[in-house]
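Have a look at the structure below before the remarks.
A, B, ... follow the sequence lines: proteins, then strands. Residue 1 opens every chain. Please read these numbers as outputs of a predicted model, since none were measured by experiment.
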Amino acid sequence: MKLFVSEGNPHCLKVLAALEVTGVHCGVQYISHEEKVVPFLSRPSFPALLLPSGQHLFSSNAICRYFFEVNGQESNDVSNQWLEWETIVLQPVLHQALHMAVVQGKGSEVSRVLQSPLNFLDQSLSKGSMPHLTGESVSVADVILWAALYPVLSDSSLALGEHKFVRAWFDHLAAMHSCQSAAQKVLQGKAMKNYMQKQSVPQSFQCRDTQPSNSSPAESEEGERAVSEEEMEAATLTWRKGLTSCSLATERQHPLLPEEGKRNILLTSALPYVNNVPHLGNIIGCVLSADVFSRYGRLRGWNLLFVCGTDEYGTATENKAREEGLTPQQICDKYHAVHSSIYKWFQIDFDFFGRTTTEKQTEIAQDIFWRLHKNGFLVEDTVEQLRCENCQRFLADRFVEGTCPHCSYPEARGDQCDKCGRLINAVELREPQCKVCRQTPIIRSSKHLFLDLPKLERQLEQWLEKSTSTGDWTANAKQITRSWIRDGLKPRCITRDLQWGTPVPHPDFKEKVFYVWFDAPIGYLSITASYTNEWDKWWKNPQQVELYNFMAKDNVPFHSVVFPCSLLGAQDNYTLVNHLVATEYLNYEDTKFSKSRGVGVFGDMAKDTGIPSDVWRFYLLYVRPEGQDSAFSWADMALKNNSELLNNLGNFINRAGMFVTKFFEGCVPEMDLQREEKKLLAVVGWELQQYIQLMDKVRIRDALKHILNISRHGNQYIQVNEPWKKIKGGESDRRRAGTVTGVSVNIACLLSVMLFPYMPLVSQTIRDQLNAPQSCIGTMLQGTGTFVCALSAGHRIGTVSPLFQKLETDQIEALKKRFGGQQKPAQSSVSAPAAPGAEVKVVGGVDPEKAEQLTKAVAEQGEKVRALKAQKAEKDVIAAEVSKLLELKKHLALAEGKNAAPAPQTGKKKK
Amino acid sequence: MGGASTFQPITLVSDWRSSPSVTNMALRELASLEKYLGLRKPNKYSTQGDKKTPVLQNNAAPPLLGLVTIACHLVKEAKRPELLGDSAESRAVVQQWLEYRVTKVDNCSKEDIKIILKDLNLYLHDRVFLAGNRFTVADVLMYYGLHPLIVDLTVQEKEQFTNVSRWFDHIQHHPGVRHHLPPVAVLRNRIYTSRHH
C-alpha cells in the first residue's frame with residue numbers, strides 16, 4: 001500500500017492526518033503536482049492511494065474513510081452526512097474564498113463567503129454535548145473537516161469572526177500530535193506557498209511571515225493554542241497534589257482471588273502448542289499483549305489474575321514424539337521448559353504458567369463432559385475411519401499416506417494432497433498406508449460423540465449479543481464470530497481415536513480421548529485449578545469477574561462460539577468471555593514466518609541477537625498487528641530503536657537527569673511554574689489521558705504513541721528553554737533553568753510509570769536512576785490520569801546513565817541475513833517438475849529412506865518413458881516425461897550423496 | 001454560492017409523491033432506488049435550499065441530508081450492505097465513485113463531459129462494475145447521473161467510449177434499476193471499426 005502526496009496541497013493534509021490518527025501502516029511518497037499517478041485519470045490528481053489490490057483511490061475523502069475503516073472505525077450516517085456536506089457545500093465555498101483572497105486580493109471579503117458554512121458548523125457543534133462532530137472520539141469527519149479548514153482557520157490574518165465552538169473544536173484537533181505532524185509534513189513553510197503559486201494564487205494569503213523558520217517552536221506554538229485556561233489550571237492543581245500514600249504496587253499475595261468491591265479481572269492468553277518453539281508472531285499475538293495489559297491493569301489497581309500454559313495433548317504431540325524418538329510426555333516436558341524459558345526472557349509476568357496434561361484437566365474436562373451429556377447436548381454418530389490392525393489403532397489423518405484420488409500423486413496425506421492441494425477425506429485415499437508400519441489399514445466405522453451446537457445456537461446468540469455490546473471485542477473477533485454464526489452451526493465431533501489426550505469417561509467410548517479443540521480451552525480452568533483450589537471463585541463467578549481472552553485471529557471461533565457453547569451447555573454458572581482481544585497476523589519482512597524454511601526469528605533466538613528483551617518488546621508492540629496485519633522488519637526495528645528510543649525517549653530522560661546531576665549537584669531544584677510550564681503540564685496531562693483511554697480499550701499499540709509524544713513535547717521544551725545556557729546567566733535565568741530542569745525530570749518520572757507495561761526493565765532503571773519513590777507508580781495512573789510532582793525540590797536523584805544503545809546498520813544487516821532462511825533450496829524445489837513431495841527433504845544430504853523411494857520412482861518413470869516410446873507417442877509428450885525422469889535421477893543422486901546432474905545427462909536433455 | 005447553498009434547518013417540507021410539480025431529479029432517483037431495494041414503506045422526502053438538496057424525514061432520528069448519504073442509508077435499511085462493497089477496499093472505491101457522481105458528474109461543463117467519459121472508459125476497460133466484479137450502489141447512482149450525458153451521445157461517440165457504453169448498457173438492464181429513465185440504445189456490434197484500429 002502506498003500513499004502519494006504532493007507538498008503544499010491542502011487535500012493531502014486530510015489523508016496524512018487520517019494516516020497519523022489511525023496509525024495505519026502505509027508508505028508515503030512525495031511527488032510533484034504535475035506527476036500522474038492514477039493511470040486512468042487524464043489530469044494529475046492528489047492525493048492518491050495505491051491499494052493492496054493494485055487499484056487506486058483518487059478521492060481524499062475515500063482514502064480517509066479507508067484508513068479509518070482499516071483501523072476498525074466504519075463511518076455511519078452522521079459522518080457520511082458531514083463528508084457529503086464537505087464535498088458539496090464547503091469545498092466550493094472554500095475554493096471561492098481562496099480565489100477571492102488570492103487572485104482578487106480581497107482577503108477582507110473571505111469572512112463574508114465563509115460565514116454561512118462556519119455558522120452552520122458552529123451551530124451543529126454547539127447543539128451536541130460531545131466534543132467531536134459524531135461523538136466522543138475523533139472520527140473521519142473531524143479529521144477531514146479539520147484539514148479542509150486548516151488553511152483558513154490557522155491563518156489569524158483572516159478575521160473570520162466569532163465561532164466559539166468551531167474554534168474550540170479546531171484547536172482541540174490541532175493540538176493532537178497526529179494533526180500537527182501531518183500539517184508539518186505537507187503544509188510546512190514554503191511548501192504551501194509553492195503550491196499556491198503554481199495554482200496561480202498569490203502567496204500573501206497563506207504564507208505566515210510571522211512564524212519562525214525553525215520547526216520546533218512552530219510546533220510548540222501549535223500546542224499552545226490548543227490549551228484552554230481551565231485545562232492549565234486543572235493540570236497545575238493536579239501537579240501540586242503530590243504523591244498519594246497508597247499501598248498499591250506491593251507484592252502480590254498468591255493465591256489471588258476475586259475481592260468484593262474491586263474490579264476483578266481474569267486474563268488468559270491463548271495456550272501455545274507445546275510441540276514447537278513460538279515465533280515472534282505467536283509472542284506478540286497472545287502472551288506479550290496479555291502481559292502488557294495485565295501489567296497495566298495492576299498499575300490501575302485492578303485485582304487481576306493472568307494465567308496461561310502449554311497446550312500439550314493431540315496428534316501433533318504424538319507425531320513430534322515419534323520424530324524425535326521420545327514419548328509424548330517427554331516431548332511435553334522438554335518443550336514446556338523451552339516455552340517457559342522463552343517467556344521468562346521476554347519478561348512475561350504470568351501469575352501462573354501451567355500445562356494441560358494434569359489430573360485437574362481430566363477432572364474438569366470430564367465433569368463438563370458429563371454435564372453436557374446429562375443436559376442432552378451430546379449426540380452420537382458413526383464415522384468411517386482408517387484403522388491399522390498391525391498397530392491396533394485408528395489412524396489420525398496425519399498418520400496415513402496414500403495415492404491421491406484426484407491427481408494420483410502417490411504421497412498424499414490423510415487430510416490433503418501436497419501436489420494438487422485438494423482436501424481429502426482419509427478413507428478416500430487409494431492404496432492407503434499406515435505411516436508408522438507401512439501396513440495397509442482397513443476401513444472401520446467408529447462411534448463418536450458430537451457437541452450439538454445447533455441446539456445451543458439460540459442461547460449462544462443471546463449471550464453473544466450481550467457480551468459483544470457491553471465488552472471490548474476487537475472488530476475482527478466480532479466479524480469472524482458473525483460469519484461463523486451466519487454460515488450456520490453444525491454438530492462438532494468432540495472425541496478422537498488417539499491415546500495422547502484426556503480420556504473420555506463414558507464406558508461406550510473408552511479408548512477414546514477428547515478432541516483438542518474441546519479439551520484445550522478447558523485448560524484455562526484446569527491451569528487455574530492447578531494454581532488454586534478455589535479456582536471456581538474465578539471461573540464460576542460471572543457476577544464478580546470480567547474475563548479477557550487474548551489470542552491471534554485464527555483462534556477466535558473456538559473462544560467465541562465453540563468453547564462458550566460447551567460452557568453454556570454444561571450449565572454451571574461459568575464465567576464467559578467479556579472481552580475478546582484478537583490480533584491480526586505479524587509477517588516477517590515481506591513473507592511469513594516459517595520454521596521449516598528457517599525464515600524469521602523464533603522465541604529462543606531473540607536473546608542470541610544481543611538486543612535487550614525490552615527493545616524487542618518495544619518494537620513488537622510498536623508494530624503490534626492491531627486492526628490489520630503488520631510486519632516485522634529488521635531495518636524498521638533499527639530505525640525505531642535509533643529514532644524513537646535513542647533520540648527521542650532516551651535522549652529526553654537522560655538530558656533531564658543529567659541537568660539535575662551537572663547543574664544542581666544531583667538535587668531537584670525549586671520550580672517556579674510560569675505560563676509555559678502550565679501549558680506543558682496540560683499538554684502532557686492530555687497525552688496521559690489519551691494513553692489511559694486507549695489502554696483501557698486494549699489499544700496497546702496506539703497508547704504507546706502517546707508515551708513517545710510526551711517525550712517529544714519534553715525535548716521541545718528543553719530545546720526552546722536551553723537550560724544549559726540559562727544556568728550561566730543571571731539570577732532569574734538560573735531560576736528559570738532550575739524550573740525547566742525540575743519539570744523535565746518529573747516528566748521523566750511520569751514516563752517511567754507509563755513505560756512499565758511495555759518495557760519493565762527500562763522503567764525500573766529510570767526509577768532507580770531518579771531514585772523515584774515507589775508510590776509514584778500507584779499515583780500517576782489513577783482515574784483519568786494524574787500527573788503529579790513526584791520529585792519535589794530537594795529530592796536527591798541517583799546516578800544517571802544512557803538507557804539505550806544505537807543499532808548499527810552492519811549489525812542489523814548481519815541479523816537480517818542470519819534469519820532470512822535458506823532461500824536457495826526452496827527455489828530449486830520449485831524448478832523441479834516431478835514428484836514435489838520427494839525433493840523437500842533431499843537438500844539436507846544423504847537420506848537412505850528417500851533414496852529407496854526415489855529408486856522406485858525412477859524405475860516407474862523409466863517404465864513409463866519406455867511405454868510411451870513403444871506407443872510412438874508424440875515427441876513433446878515423451879520429452880516431458882524424459883525430463884521428469886532426469887529430474888528424479890538427479891534427486892536420487894543427491895539422496896545417495898552423489899554429485900548430481902552429470903554432464904552426459906544434460907546433453908541428453910537437449911536431444 | 002453563499003448562504004443558500006448551506007444545509008440549513010429545513011423550511012420546506014413536502015411529500016413529493018403527492019405533489020407532482022416537484023420534478024427534482026434526486027428525489028426521483030431515490031424513489032427508483034427504493035423500488036430497486038424493495039423497500040415497502042416509502043420514506044418521506046423534502047428538499048432544501050437553491051440546490052434542492054434532498055432531505056430524508058425520519059420520525060425516530062434527525063433528518064438526513066444529501067443524495068449519497070440518503071442512498072447509503074437506504075441500502076443499509078434494506079439490509080443489503082454488500083451493495084456498499086464487500087471489503088474495506090471496495091467500500092472505499094464505492095464511496096469514491098458516489099462522491100465523483102455528485103461533485104464531478106453533476107453540473108459538469110461540456111468540456112468536462114469528454115474528460116469524464118475518457119477517464120471512465122479507461123477505468124472500465126478491465127472492470128465489469130465500478131467496484132470491480134460486484135454490482136454496487138455506485139453503479140446505480142453513476143448510471144442515474146450519467147444518463148443525461150449518454151442520451152446525447154452519437155452512435156460514434158458511444159463506440160469511442162466503448163467500455164462506458166458496455167457498462168452503461170449492462171446497468172440499465174440490471175433488473176430493477178432503470179425505473180424512471182428511458183432506455184438508451186447501445187449497439188453491440190461496431191460500425192466504425194476502421195477508425196479506431
key: Test log, rule side chain to side chain contact (heavy atoms under 4.5 Å, CB included), inputs A:Glu86 and B:Glu99   = CA-CA 11 Å; A:Glu86 194 266 344; B:Glu99 185 192 314; over 6 Å; no

ask   = Between atom CH2 of A:Trp85 and atom OG1 of B:Thr53, what is the distance when rounded to the nearest 0.5 Å?
value = 12.5 Å

message = Would you say that A:Asn61 contacts B:Gln95 through its side chain, given a criterion of any heavy-atom pair below 4.5 Å between the two side chains?
response = no

query = Going by heavy atoms in the side chains, are B:Tyr123 and A:His56 under 4.5 Å from each other?
reply = no

query = Got B:Arg91 and A:Arg65 here, is their nearest side-chain heavy-atom distance under 4.5 Å?
reply = no

Distance, nearest 0.5 Å, that separates OH of B:Tyr100 from OG1 of A:Thr87 = 14.5 Å

task = Compare every heavy atom of B:Ala92 with every heavy atom of A:Tyr66, then report the nearest pair and how far apart it is.
result = CB-CB, 3.8 Å

query = Given that the side chain runs from C-beta out, which part of A:Asn119 has a heavy atom under 4.5 Å from chain B: side chain, backbone, both or neither?
reply = neither

key: Residues of residues 128-144 of chain B contacting chain A, heavy-atom criterion under 4.5 Å, by residue number   = none

request  = Under 4.5 Å heavy-atom distance to chain B, tell me which part of A:Gln91 shows up: side chain, backbone, both or neither.
outcome  = neither

message = Applying salt bridge (charged side-chain N to carboxylate O under 4.0 Å, His left out) as the test, list every pair that has at least one member in residues 172-181 of chain B; sequence neighbours left out.
response = none

inquiry  = Using heavy-atom distances under 4.5 Å, tell me whether B:Glu89 contacts chain A through its side chain, its backbone, both, or neither.
reply    = both

task = Please say whether more than 12 non-hydrogen atoms of neighbouring residues, nucleotides or ligands are located less than 6.0 Å from NZ in A:Lys2.
result = no

ask   = Would you find a donor on one side and an acceptor on the other, under 3.5 Å apart, between the side chain of B:Gln96 and the backbone of A:Ala62?
value = no

message = Within the supplied structure, the quantity of interest is the number of heavy atoms (other residues, nucleotides, ligands) at a distance under 6.0 Å from B:Lys114 NZ; does it exceed 12?
response = no

ask   = Around A:Lys553, counting heavy atoms of other residues, nucleotides and ligands shown, do more than 12 lie under 6.0 Å from its NZ?
value = yes

query = Which answer fits A:Ser75, side chain, backbone, both or neither, if we ask what part of it has an atom under 4.5 Å from a heavy atom of chain B?
reply = backbone

Using a 3.5 Å cut-off and no angle test, enumerate the donor-acceptor pairs between side-chain atoms of residues 66-75 of chain B and protein atoms at least two apart in sequence or in another chain.
| unit_1 | atom_1 | unit_2 | atom_2 | d |
| --- | --- | --- | --- | --- |
| B:Thr69 | OG1 | A:Asn80 | O | 3.4 |
| B:Thr69 | OG1 | A:Glu84 | OE1 | 2.7 |
| B:His73 | ND1 | A:Asp77 | OD2 | 2.6 |

ask   = Among residues 35-44 of chain A, which residues come closer than 4.5 Å to chain B, judged by heavy atom distances?
value = A:Pro39, A:Phe40, A:Leu41, A:Ser42, A:Arg43

